[in-house]
Structure formats: structure tokens, C-alpha cells
There are 2 protein chains.
Amino acid sequence: MRRPPGEARRRLLDATLRLYAAHGVGGTSLRMIADELGVTKAAVYHQFATKEEIALAVVQPAIDALAAVADAAEAAPTRAARRETALTGVVELMVTDRERAAVLSGDPAMAALIGGHAGLATQARRLSAAILGASAGDPESRVAATLLAGGMATAGRDPGLADLTDDELRTHLLTLARRLLRMRAPHA
Amino acid sequence: MRRPPGEARRRLLDATLRLYAAHGVGGTSLRMIADELGVTKAAVYHQFATKEEIALAVVQPAIDALAAVADAAEAAPTRAARRETALTGVVELMVTDRERAAVLSGDPAMAALIGGHAGLATQARRLSAAILGASAGDPESRVAATLLAGGMATAGRDPGLADLTDDELRTHLLTLARRLLRMRAPHA
DNA sequence: GTCTATAGCCTGATAGAC
DNA sequence: GTCTATCAGGCTATAGAC
């Protein structure tokens, strides 16, 4: 029953994400994480040196994924393609990893932890530039972008929407986002 | 320099709201509240028996105000008037008390505290019924309502929108909300 | 209404054995 | 990788003087 290397670390991060989603980042202690895994706090400290390090490791995959979407969007040839790539990419990440998205962008305790460290703000800026294009500066567009980002994070966390499949949620979010941003659906 | 009765309680709740907005509910201790007021923890405990009681008292005004908006909306004669009353009322509360709105609906630690107690869920249900009307059941409308509620809370908290005046934020939020919900602007 | 002092618990974190 | 044992310090909350 020996587990492969790195398995313990992965199990720990999965368990931590579930606890973050349920109790908030500030409301999750090392003891809760250890109990969830059936081990002691010291075992947790063997994998990570500090509590902050765990929180970073939980959200890093999502930030890397956002960066990849931003890369793809910026490489697209036309403004319409950049918008489309950025929007569908962000929605896709949000839908397929709802808990992580909600924890990443909806928790003030997390915001305090990753203040500068992880470059979330940079990716958010790149993506909103790709989506808003020339209108990035005007107030209505800025409000629209914030509304969309915060709303999508909430949609991922809301128990009232937990009954929706990934396909349904993705479809509705894309429709609503395009309406909010006055985007036409792509020809394809 | 004697202060009027109830003044100490009001000052405490004001200070607590500021701290909640800055550090999150879970990240705000009784000691921080006491320090902010320049008194000791025991003085805080003279006003409120528990930490939870403080949190409830901070958000109760917002919940009462939401209930009043729901009352007004349900009393309106037509479906269009109900939608309009509910939407403008909610936006108004959000805009004029941004910090409280963000703390109330954006903090998982607060959500855990007020789980059943304060009837926030009831008011949210009434208001979304008034706004969505007959389409309250269909998935796209439910996603739209969640997107809007979560997005408005985020808009109130986002430092990037702090430069907008109340008038500007109100105007943009109403425009975007109507677009999202496919509502016509009122004739008035 | 405010203070000092304290109880008792839980926290993040460390040391060292296996 | 996991354990037991332990630490100092912060937390909520209480008691009792002024």
C-alpha cells in the first residue's frame, strides 16, 4: 500500500481546498487539515513550512492557468479573437474548477495572503485588457469587468447553482458575459 | 465630554465594519477592535457578549434595509414596477454602503456566522423573486441573479473602482443590470 | 463604561524518535 | 512520512474593582 511520491502532497492540497471552500481560508487551521487527512499537524509541517505556503500552493495552479489563457489571448491575431480567447478561457477555468476559483478570488483572507506574491493582479490586468480592448479605460467597462469577475466567482461558490452541470453553467455564463460586454457570439 | 447613550455602541460598530472590510471577518479579533477604539477588550465585552453578536449587529442594518426594499417591491402593483423597485433599491443600498455590502455578501467567515440567524437568505429569495418574476425558475435567470448579486458585492469592495462617485457607480450598475436582465429602462 | 487580571483553549511552529 | 511531546503566544470569555 505504498503511495507514489508526491501523492501525500497532492492529497493534502486537495483536502485543504475543500476546507477552504467550506470554512474560508481564515477559518481553516492546520489541525483541521491534519484531521481531514487523518494525520497530525507535524505531518503537515513535513510537507510545507508555513500556513501561507500551503495557501499559495493551493491557488498557484489556477494562477498559472490564468497566465496561460492570457498568453493565448495576447497571441491571437484580431481583437475579436483576443476577446473570445480570453473570455472562453476564463469561463472554462471557472467552471471546471469552481471551488478553487471561488477561494482564489472571493476570500479576503486569501487576498491578504497572496497580496503581491503570486502575480494574480498581473494576470487579471492582462485578461481584462484582452477582453475590454480599447474601452478598457472607460468607467462602465471597468464596472462591467469587475461585475463579471466577481459574479463568476460567486456563481462557482453558490450552493443554489450546484445542481447545474459544467456544460449548463458554461453556456449560461458565456451568454450572460457576452450580453454584458455587448459581444456577438463567434461565427464558428 | 460625556457622550450620549448608545454612542459607544455605534462607534464600536463603525470601527468594526472598517476592520472587517480591511482584514476580513475572520481576520478581525476583539483586540483589534478594542485597539481601534483606544480601549481594552473588556470594554468591548461590556457592549456585546460574544464576537458573533458583534458581527450580527454590524450587518443587521443592511439586512433590515434589504427587507424594507423587498416589502416595497412586493407591494408594487405591476410586475415591471416590482422589478424596478427591487433592482433600484438593491443597487442603492449597495452603492451608499459599499463596505457593509461587501462584508455581508462577500466574506465566507460572515456567511458561516450568520448561517441561519439573520434571515439574509429569506430577503435574497424575496428580492430575486421580485426581480426575476416568472422566469425565476429557469437556470439562465438563476445564474444571472447570482452573477449580479456577487458582482455588485465585488464592485463595492474593489479598490480599482473606489475612484467612482456614488452617482457614477449607481448609474453604471443599473445600466449593466438592466442589460443583463433584459429590462427596459423605466419611462420616468 | 472602563479597567486589571486571569482562565482555558487553540493556534502556528519546533525538536527529536521511529 | 509520520509520530509524540512541547513551546510561546493569541484568542474568546469571565471576575471583580473603580
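Convention: sequence-line order gives letters A, B, ...; per-chain numbering from 1. Worth knowing before you read on, the calculation uses all heavy atoms, side chains too, and leaves out hydrogens, waters and symmetry mates.
- Atom NE2 in A/H46 sits about 16 Å away from atom P in D/dT4, given to the nearest Å.
- For the atom pair CG (A/L104) and CD (A/Q60), the distance works out to 10.0 Å, reported to the nearest 0.5 Å.
- Remark on DNA chain C: of its neighbouring residues B/K41 and B/G38, the 5'-side contact belongs to B/G38, judged by nearest-heavy-atom nucleotide.
- The listed nucleotides are C/dT2, D/dC3, D/dT14; the one nearest the side chain of A/T40 is D/dC3.
- Rounded to an integer number of Å, the gap from B/I54 CD1 to D/dT12 C1' is 10 Å.
- Taking every heavy atom of residues 13-37 of chain B and every atom of DNA chain C, no pair lies under 4.0 Å.
- With distances taken from any side-chain atom of A/Q47 to the nucleotides D/dT2, C/dT2, C/dA13, the minimum falls on D/dT2.
- Residues B/A109 and B/V25 come closest through the heavy atom pair CB-CB, 4.0 Å.
- Applying the salt bridge (charged side-chain N to carboxylate O under 4.0 Å, His left out) test to residues at least two apart or on different chains, the pairs with a partner in residues 112-129 of chain B are B/D71-B/R126, B/E74-B/R126.
- A side chain to side chain contact (heavy atoms under 4.5 Å, CB included) with B/V69 is found for exactly one of B/L87, B/L93, B/V91, namely B/L93.
- Per the geometry, CZ belonging to B/F48 stands 15 Å off P belonging to D/dT12, to the nearest Å.
- Here A/T16 contributes atom OG1 and A/F48 contributes atom CZ; the two are 7.5 Å apart, rounded to the nearest 0.5 Å.
- For A/K51, whose side chain is taken as the heavy atoms from C-beta onward, the closest listed nucleotide among C/dT2, C/dG12, D/dG1 is C/dG12.
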Evaluate B/D167 against B/R170 for salt bridge (charged side-chain N to carboxylate O under 4.0 Å, His left out), listing each step before the verdict. CA-CA 5 Å; B/D167 269 358; B/R170 173 172 34 231; 2.5 Å; yes
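- Here the nucleotide nearest the side chain of B/Y45, chosen from C/dA13, D/dA13, C/dT14, is D/dA13.
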